[in-house]
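Step one of this worksheet: look at the structure below.
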Amino acid sequence: VFAYNTMIRGLSLAGLAYKSVLLFNSMLLTGLIPDNHTYTFVLKACSGLNALIEGKQVHCMIIKAGILPSTYVHSSLIHMYANSDGLDCARRVFDGFPEKNTLIKNAIITGYLQHGRVDEAREVFDGTIVKDDATWSAMVTGYSRNGMYMEALGVFREATVCGAELNESMIVSALSACAQSGALDQGKWIHLYACRRARAEMSAVLSTALVDMYAKCGSIESSYEVFCSMTRRDVVTWTAMISGFAMHGYAKKSFQLFDEMVAAGIRPNAAAFVAVLSACTHVGDIEMGRYYFNRMKIDFGLTPSIEHYGCMVDLLSRAGHLAEAEDLIASMPMEPN
RNA sequence: CCAUCAUAAUAUGAUACA
């Protein structure tokens, strides 16, 4: 059973959720009895596949096997239903769970937030007396993802007041809320807080959130300062900085950073190309636009997505090259949106 | 018999136009 569990989990972690479910199936055929671990892993694979029917089958097996209410198994069930568009079923699992603890509440709060049902999430959140860092973090992130930045920052402030430990996810989510709402002062405060709590260098994720926050709040200098202070940068960091300069109209700086990134051995992905193409659009540089659009295909073997075509159409149209823009739309392998 | 090792849930950054 242990070997199967490890493989079922491994396959779904490796993005092979389909094989993971198949392996679960062959495990059953051998006559082995799955344990609680097995159920959580295969449910996670079902979540990743949006496999509601298979998930329900597993749920039935859990019931028939007489599995007692278990935080892990039932959190996984809630997660699976929420992910597979079965929020009502998720609620029923939640309601049927006795002695609701923090973990099980976190699962249903997250489920509601994924579907934009913030009021219901808030209700459970308020009813959660013992909140752990995931509870706070889920609520901040959920509000932020649903465009309710003030509410997100409100919950963040509440967490600080309650003396809850602010973990990195929560700080990153709060910074994202500042970025999207232009709350520079609040962002600066969080920056100071993050500096104080950091024992070593901040993680790339946190620093990137700062780079993004300063850029979007109009403070490109501070953004670049944070960027320069970093010793490790991944493709997301570079992309945040490139789009920061693009938004402020410093296209040359964006191009320069793009080249530096490639020289540093970081492979640009689709998002990096959107960023550099948007730099072209903001200054109307058709030549550079064509250059990067071609490099993307030829040098990096990336297939342009609808966003890339969108950037090019935007760029060409603004410069009055309407016929070329129209031809490009006609040449797209996908339906224009 | 002892020692050692492996498997649990939820949250977290970038991307044009609008």
Side-chain angles (χ1 to χ4, degrees), chain A residues 1-10 12-13 35-44 47 70-80 82-83 101-114 121 128 131-145 155 166-177 179-180 202-213 215-216 233-244 246-247 268-282 289 305-315 317-318 337:
Chain A
V1 175
F2 173 77
Y4 272 101
N5 286 352
T6 308
M7 280 306 294
I8 290 168
R9 175 173 185 266
S12 84
L13 282 179
D35 63 10
N36 283 9
H37 293 109
T38 324
Y39 293 125
T40 61
F41 299 147
V42 74
L43 284 170
K44 192 173 185 152
S47 303
S70 145
T71 303
Y72 295 109
V73 173
H74 288 74
S75 298
S76 300
L77 277 170
I78 291 172
H79 193 211
M80 182 278 294
N83 254 323
N101 54 37
T102 304
L103 300 183
I104 208 91
K105 287 186 180 182
N106 288 349
I108 194 78
I109 290 172
T110 309
Y112 278 134
L113 289 170
Q114 278 171 357
T128 308
K131 298 179 172 75
D132 67 3
D133 47 355
T135 319
W136 289 107
S137 181
M139 207 62 220
V140 175
T141 310
Y143 271 135
S144 190
R145 287 209 185 182
V155 172
L166 306 186
N167 68 8
E168 185 174 297
S169 322
M170 209 189 320
I171 297 176
V172 169
S173 289
L175 283 171
S176 165
Q180 289 176 268
M202 278 185 235
S203 76
V205 173
L206 179 51
S207 305
T208 303
L210 284 168
V211 168
D212 184 48
M213 183 278 293
K216 291 209 171 111
R233 309 180 183 100
D234 62 14
V235 67
V236 182
T237 315
W238 286 95
T239 304
M241 196 67 251
I242 291 169
S243 30
M247 289 180 332
N269 61 13
F273 277 100
V274 175
V276 78
L277 288 175
S278 85
C280 302
T281 304
H282 280 109
S305 69
I306 194 137
E307 285 90 351
H308 302 108
Y309 284 104
C311 288
M312 288 306 289
V313 170
D314 187 24
L315 175 59
S317 307
R318 282 178 199 275
N337 64 10

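Heavy-atom basis, side chains included; hydrogens, waters and symmetry copies ignored. Numbers restart at 1 for each chain; the letters A, B, ... are given by sequence-line order, proteins then strands.
Nearest to the side chain of A:R9, among B:rG13, B:rU7, B:rU10, sits B:rU7. Listed nucleotides: B:rA11, B:rA14, B:rC17. Nearest to the side chain of A:K216: B:rA14. Of the candidates B:rA11, B:rU7, B:rA14, the closest approach to any side-chain atom of A:N5 belongs to B:rU7. Closest contact between the side chain of A:F41 and the listed nucleotides B:rU7, B:rA16, B:rA11 involves B:rU7. The A:T110 side chain lies nearest to B:rU10 when the options are B:rU10, B:rA8, B:rA16. When distances run from any side-chain atom of A:T237 to the nucleotides B:rG13, B:rA11, B:rA16, the shortest one goes to B:rG13. Of the listed nucleotides (B:rC17, B:rU7, B:rA14), B:rU7 has the atom at the smallest distance from the side chain of A:H37. In this structure, the nucleotide among B:rA11, B:rA14, B:rG13 sitting nearest to the side chain of A:V205 is B:rG13.
Nucleotide B:rU12 holds its P atom 15 Å from the CG atom of A:D212, rounded to whole Å. Going from atom OH of A:Y143 over to atom P of B:rU10 covers 22 Å, rounded to whole Å. Atom NZ of A:K105 and atom P of B:rA11 are 18 Å apart (whole Å). A:L103 places its CG atom 11 Å from the C1' atom of B:rA8, with the value rounded to the nearest Å. The CG-P distance, from A:N269 to B:rA16, rounds to 14 Å in whole Å. To the nearest angstrom, P of B:rA8 lies 20 Å from OH of A:Y4. The CD atom of A:E307 sits 8 Å away from the C1' atom of B:rA16 (whole-angstrom rounding). Going from atom CG of A:L206 over to atom C1' of B:rU12 covers 10 Å, rounded to whole Å.
A:H282 places a side-chain N or O within donor-acceptor distance of the main-chain N or O of A:S278, the cut-off being under 3.5 Å. Listed for the A:S144 side chain is no donor-acceptor partner under 3.5 Å among the backbone atoms of A:V140.
A:S75 contributes no side-chain N or O that forms a donor-acceptor pair with the base of B:rA9 under 3.5 Å. In this model, a side-chain donor or acceptor of A:S169 finds a partner on the base of B:rA11 within 3.5 Å.
Under the side chain to side chain donor-acceptor pair (under 3.5 Å) test applied with A:N106, the options A:N101, A:T135, A:D133 reduce to a single match, A:T135.
Residue A:S243 is in sugar-phosphate contact alone, with no base atom involved, counting any heavy-atom pair closer than 4.0 Å across all strands shown. Residue-level contact check: A:R233 touches neither bases nor backbone, having no heavy atom under 4.0 Å from any strand. Counting any heavy atom pair closer than 4.0 Å across all strands shown, A:A240 reaches sugar-phosphate atoms only and no base atom. As judged by a 4.0 angstrom heavy-atom cut-off over every strand, A:D132 is placed among residues making no nucleic acid contact. Residue-level contact check: A:T102 touches neither bases nor backbone, having no heavy atom under 4.0 Å from any strand. Residue contacts for A:H74: at a heavy-atom cut-off of 4.0 Å it reaches no nucleic acid atom on any strand shown. Residue A:D133 is classed as having no contact, given no heavy-atom separation below 4.0 Å to the nucleic acid. Nucleic acid contact for A:K131: none, since no nucleic acid atom lies under 4.0 Å from a heavy atom of the residue.
One distance of note links CZ of A:R233 with OG of A:S207; it measures 10.0 Å at 0.5 Å rounding. We find the CG-OG distance between A:L43 and A:S12 to be 10.5 Å, quoted to the nearest 0.5 Å.
Between the side chains of A:T141 and A:S173, a donor-acceptor pair is found at a separation under 3.5 Å. One side chain, A:Q180 or A:S176, offers a donor N or O that lies under 3.5 Å from an acceptor on the other.
Contact annotation: A:Q114 reaches the phosphate of B:rA11 (side-chain N/O to OP1 or OP2, under 4.0 Å). Between A:H79 and B:rA9 there is no side-chain polar atom (N or O) within less than 4.0 angstrom of OP1 or OP2.
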